Amino acid sequence: MAFTPLHDRVLVRRLEGEEKTAGGLIIPDSAKEKPAEGEVVSVGAGARDEDGERIAMDVKAGDKVLFGKWSGTEITLDGEELLIMKESDILGLL
């Protein structure tokens, strides 16, 4: 993929949600919520502090992350739907 996020931005691929409930009911596509879990595809170099030094990123490509329901901006790259968000929108690692 020929896309590299800038600064403290992260490119995330959503992980697919469950097809069935715990009781075995199949959830139709129209009733599914978008999952708030994803896999980091790529990360930027990090933001800069007041002295111009880079602040290291806490996530790296391949990490499984949890993010807010309304976090990020949906983009399409090479026919795949991805999210680009700031590192601060990520709530934690899974």
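Sequential numbering from 1 along the given sequence is applied to the chain's residues. Computed from a predicted structure; not experimentally measured. As a basis for the values below, the full set of heavy atoms in this structure was taken, side chains included, without hydrogen atoms, waters or symmetry mates.
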List the atom of Asp89, the atom of Gly72, and the distance in Å for their closest heavy-atom pair.
OD2-N, 4.1 Å
Shortest non-hydrogen contact from Arg48 to Ile55?
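Residues Arg48 and Ile55, closest heavy atoms: C-CD1, 4.2 Å.
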Could you please spell out the steps behind the side chain to side chain contact (heavy atoms under 4.5 Å, CB included) verdict for Glu37 and Arg14?
CA-CA 6 Å; Glu37 295 179 17; Arg14 281 189 199 269; over 6 Å; no
What's the spacing between Ser42 OG and Arg9 CZ if we round to 0.5 Å?
12.5 Å
Rounded to the nearest 0.5 Å, what separates atom CZ in Phe67 from atom CG in Leu83?
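The distance works out to 5.0 Å.
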Does one hydrophobic cluster hold both Leu91 and Val12, with members joined at side-chain heavy-atom distances below 4.5 Å?
no
Would a single hydrophobic cluster contain both Val40 and Leu94, if residues Ile, Leu, Val, Met, Phe, Trp and Tyr are joined by side-chain heavy-atom contacts under 4.5 Å?
no
For Met85 and Ile90, what are the C-alpha separation, side-chain angles and deciding distance, and is it a side chain to side chain contact (heavy atoms under 4.5 Å, CB included)?
CA-CA 8 Å; Met85 64 182 72; Ile90 295 174; 3.9 Å; yes
N/O donor-acceptor pair under 3.5 Å between Asp51 side chain and Glu53 backbone:
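Looks like no, no N/O pair under 3.5 Å.
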State whether the side chain of Glu87 and the backbone N or O of Asp58 hold a donor-acceptor pair below 3.5 Å, judged by distance alone.
yes
For Ile84 and Phe3, run side chain to side chain contact (heavy atoms under 4.5 Å, CB included): C-alpha distance rounded to whole Å, both residues' side-chain angles, the deciding distance at 0.1 Å, then the answer.
CA-CA 11 Å; Ile84 188 163; Phe3 181 81; 3.6 Å; yes
Should Leu11 and Leu77 be marked as a side chain to side chain contact (heavy atoms under 4.5 Å, CB included) after you check the CA-CA gap, both sets of side-chain angles, and the distance that decides it?
CA-CA 11 Å; Leu11 189 64; Leu77 291 174; 4.1 Å; yes
Give the C-alpha distance, both sets of side-chain angles, the deciding distance and a yes or no for salt bridge (Lys or Arg N to Asp or Glu O under 4.0 Å) between Lys60 and Asp63.
CA-CA 6 Å; Lys60 62 187 178 309; Asp63 285 349; 3.1 Å; yes
